[in-house]
A.B. asks: 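Take this structure first; my questions come after.
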Amino acid sequence: MNKPQMLTLAVLTVLSATAQSAEPETEAVEYYNRSLNHYFITATAAEARMIDDGAAGEGWVRTGRSFQAWLDPAGAPANASAVCRFYSRGANSHFYTANAGECEYLKSLEAEERRAALSTGAAIVGWQYEGVAFRIESPAGDSCPAGTAAISRVYNNGFASGEGANHRFVDDSELRALMLDRAWVGEGVAFCARTKSGGTNANLPPTSTNFDALAADWTGTARWKTEAGAAETRISAPLSLAIASDGRVSGSGQGCSFTGQVQRGDGFRSLFTGTLSASGCESAAFNGAYGRFRLERYASGTLAVDMKRGDGANEASVEAMLSAGAITTNTPGTTPASVTGVAGSWAGTVGWTALRRQGGVETILVTSNRPLAVAITSTGALTGSGFGCALSGALSPTSVAGRFAGTLSASGCTEPVFNGAYAEVGVHRDDGGLEVEFEREAESAGVTTKAKVEGRLANADTTPTTPTTPTTPTTPPAGIAASYQGDFTATIEIRNRANGGDTTTTSSETATLRFAVASSGALSGTGFGCQFAGSLSLTDAVARIYTGTVSASGCTNATLAGQFAASAHPEDGGALQLEMERESEAANVRTKVKIRGTASRTAP
């Protein structure tokens with residue numbers, strides 16, 4: 001059964017001395033199941049360990065992504081919302097919401113289904129409430145407070161497709177765009193997660209040099225798709241990619257010879273972007289440069305590949321889930337005195353669990369997902385930090401290649417139960433990462449206390465890299481300077497909470513938008529009866545994302561008028577995706593307006 005089981009309420013509560021702290025005491029970690037193509041999150045280390053051990057069924061692997069949250073309501077800030085967790089047997093999937101209205105609505109549907117089941121004897125297959133999964137700050141519309149990162153919700157449209165509804169929660173605009181390219185549906189901002197000390201919601205700074213997590217030979221079956229006008233062709237055929245630790249890419253499939261370069265990896269060492277080109281393909285549509293080349297790395301040797309060239313009317317794309325073959329770099333050292341196979345800097349989110357056993361009764365003291373960073377020298381010296389602890393110890397090789405054991409001590413831990421000597425310490429290279437397991441046990445006056453730190457770390461850069469995105473964008477969008485025309489959709493959502501009510505109405509209209517972008521970044525255009533004026537700047541050179549502000553005036557529908565936050569992304573073939581969004585609230589009436597579409601280049 002591929003369903004992560006519900007933990008008891010006692011497990012979901014952290015009984016810690018820091019319960020009054022407003023700092024998040026756990027992280028919600030993400031899992032992916034390749035056979036289901038479903039995602040799942042859990043904020044408790046005990047449940048995460050259960051899934052890692054296979055108790056939730058085969059196929060669940062960590063994606064490496066996570067975000068901060070609270071388990072203990074006493075430690076959460078006043079503006080934190082309880083996140084309701086539901087499970088549907090029909091969809092074989094979980095659903096999470098911090099929206100109280102959405103939570104109560106799903107509970108009412110469950111009550112109706114239960115009443116019907118009593119009279120018909122039918123099984124309950126809809127959403128069933130499982131309790132509060134964690135607590136987290138929630139957005140006002142799609143806006144998050146300062147010091148937090150927006151966690152967007154995307155939906156696989158599984159109810160319509162019949163594959164089972166599933167949602168994913170992502171903190172990265174590039175990852176969100178990738179999921180939309182995979183035909184998932186954007187559902188706005190769901191949560192606002194506290195950012196970490198590094199300034200992002202990941203454990204490490206982005207990298208442009210270290211691609212150790214990708215270094216392997218990858219093979220599998222890909223979906224090759226071409227679109228030419230109204231004609232669409234889809235086939236399934238093998239794809240092979242070889243990626244080196246410096247990011248060089250080579251590969252083959254369908255007669256194509258691929259060459260490219262991975263250019264950037266995010267702080268989770270999960271999402272990577274780069275450049276790729278193909279030649280010699282059996283179908284000429286696949287020859288040439290791919291404007292989008294994105295890789296998503298999951299644990300246990302799984303790599304999601306997405307590449308696309310051309311635009312919607314004349315497009316070629318390749319999508320695949322590949323498996324890892326031989327790791328091409330960082331093989332374990334062979335000399336008994338060396339631990340070069342695991343030497344380096346490592347960081348990630350791991351499980352911190354502690355329990356007390358007395359008189360046959362076992363009590364969970366701590367179950368939290370928290371960051372851990374360690375550094376290992378070639379001689380085996382280990383130092384590290386996490387959860388307030390300062391770690392120091394030593395490792396030596398075991399009789400199993402790539403596995404090392406030793407001892408370490410911890411002091412200064414936020415939770416005192418983790419302080420002390422760890423007699424059972426093991427680390428080993430696995431699938432481009434480092435698996436760690438530290439365990440200690442103490443007994444006094446008939447009371448046994450056990451503490452364990454366990455999880456997977458990613459290879460960290462030894463030297464900081466210069467961010468590819470400047471704090472203040474200054475680069476003009478010369479690469480998209482042109483005249484454009486395309487069909488756009490304007491969506492208006494009005495939520496009225498006046499006089500104690502709460503009603504939401506949504507309307508949409510379509511029109512042709514004509515606009516021009518100058519080499520200076522100035523944007524001007526017409527559509528929906530509006531006059532548009534504003535500017536765009538390059539804010540992510542690797543992902544080719546342009547952002548800015550655009551104002552609309554004189555619109556036929558006055559609700560469309562106002563100042564928008566704008567985002568643009570060039571497609572292959574010269575097309576430009578443009579999205580403009582604004583939100584306002586007055587007298588308990590909130591208005592959200594989105595204008596989005598893809599425009600083709602036109603003659604000046």
Side-chain angles (χ1 to χ4, degrees), residues 14 16 18-30 41 43 64-83 96-100 132-154 168-176 186-206 266-268 270-271 347-349 352 368-373 385-388 414 464-465 467-473 539-540 543 545 547-549 565 567 581-585 590 592:
V14 178
S16 69
T18 59
Q20 300 303 314
S21 170
E23 291 299 315
E25 85 271 13
T26 193
E27 295 193 20
V29 298
E30 184 184 53
I41 54 175
R65 310 189 75 85
S66 63
F67 56 85
Q68 297 195 99
W70 290 267
L71 292 175
D72 186 356
N79 64 339
S81 301
V83 175
Y96 304 81
T97 178
N99 185 303
V132 174
F134 52 86
R135 284 169 170 79
I136 198 166
E137 291 167 277
S138 54
D142 276 351
S143 299
C144 285
T148 65
I151 308 295
S152 298
R153 190 171 82 191
V154 293
R168 189 179 188 188
F169 300 86
V170 297
D171 71 331
D172 184 283
S173 60
E174 179 71 14
L175 182 57
R176 179 183 178 275
E187 293 190 331
V189 177
F191 312 134
C192 299
R194 291 283 180 93
T195 52
K196 301 176 186 177
S197 58
T200 70
N201 218 45
N203 293 315
L204 300 169
D266 69 355
F268 289 112
S270 166
L271 182 66
T349 298
W352 299 70
S368 183
N369 296 312
R370 300 299 293 264
L372 172 68
S385 61
F387 215 173
T414 302
T465 58
T468 58
T469 303
T471 302
T472 303
T539 53
D540 190 329
I545 301 295
T547 60
T549 58
S567 175
E581 185 173 351
R582 71 176 189 84
E583 181 177 330
S584 60
E585 186 162 356
R590 187 190 69 191
K592 294 173 63 176

A.B. asks: Does Glu25 reach the main-chain N or O of Asp72 with its side chain, forming a donor-acceptor pair under 3.5 Å?
C.D. replies: yes
A.B. asks: Can you tell me how far apart OG1 (Thr349) and CD (Glu30) are? Round to the nearest 0.5 Å.
C.D. replies: 12.0 Å
A.B. asks: Let me confirm one number: the CD-CD1 distance from Gln68 to Ile151, rounded to the nearest 0.5 Å.
C.D. replies: 10.0 Å
A.B. asks: So do Cys144 and Val189 actually touch side chain to side chain, heavy atoms under 4.5 Å?
C.D. replies: yes
A.B. asks: Return the CG to OG1 distance between Leu71 and Thr26, rounded to the nearest 0.5 Å.
C.D. replies: 4.5 Å
A.B. asks: Provide the closest heavy-atom pair for Ser138 versus Ala98 in the form atom of the first, atom of the second, distance.
C.D. replies: CB-CB, 4.3 Å
A.B. asks: Answer yes or no: is there a side-chain heavy-atom contact under 4.5 Å between Phe134 and Glu27?
C.D. replies: no
A.B. asks: Closest heavy-atom contact between Ser66 and Phe268?
C.D. replies: O-CZ, 3.2 Å
A.B. asks: When rounded to the nearest 0.5 angstrom, what is the spacing between OG in Ser270 and CG in Asp172?
C.D. replies: 9.0 Å
A.B. asks: So which of Arg153, Arg176, Arg168 actually passes salt bridge (Lys or Arg N to Asp or Glu O under 4.0 Å) with Glu187?
C.D. replies: Arg153
A.B. asks: Would you say that Arg194 contacts Trp70 through its side chain, given a criterion of any heavy-atom pair below 4.5 Å between the two side chains?
C.D. replies: yes
A.B. asks: On a heavy-atom basis, which atom in Lys592 and which in Gly141 lie closest, and how many Å separate them?
C.D. replies: NZ-C, 4.5 Å
A.B. asks: Roughly how far apart are Phe67 CZ and Phe191 CZ, rounded to 0.5 Å?
C.D. replies: 5.5 Å
A.B. asks: Distance-only, no hydrogens or angles: does the Tyr96 side chain make a donor-acceptor pair with backbone N or O of Ile41 under 3.5 Å?
C.D. replies: yes
A.B. asks: Identify the heavy atoms of Arg135 and Ala80 that sit nearest to each other, and give their distance.
C.D. replies: CB-CB, 4.4 Å
A.B. asks: What pair of heavy atoms forms the shortest contact from Ile136 to Cys192, and how long is it?
C.D. replies: CG1-O, 3.5 Å
A.B. asks: Between Thr547 and Ser567, is there a donor-acceptor pair closer than 3.5 Å when you use the side chain of the first and the backbone of the second?
C.D. replies: no
A.B. asks: Using 0.5 Å steps for rounding, measure from the CG atom of Asp142 to the CD atom of Glu581.
C.D. replies: 5.0 Å
A.B. asks: Is there a donor-acceptor pair closer than 3.5 Å between any side-chain N or O of Trp352 and the backbone N or O of Phe387?
C.D. replies: no
A.B. asks: So Val170 and Arg65, do their side chains get closer than 4.5 Å, heavy atoms only?
C.D. replies: no
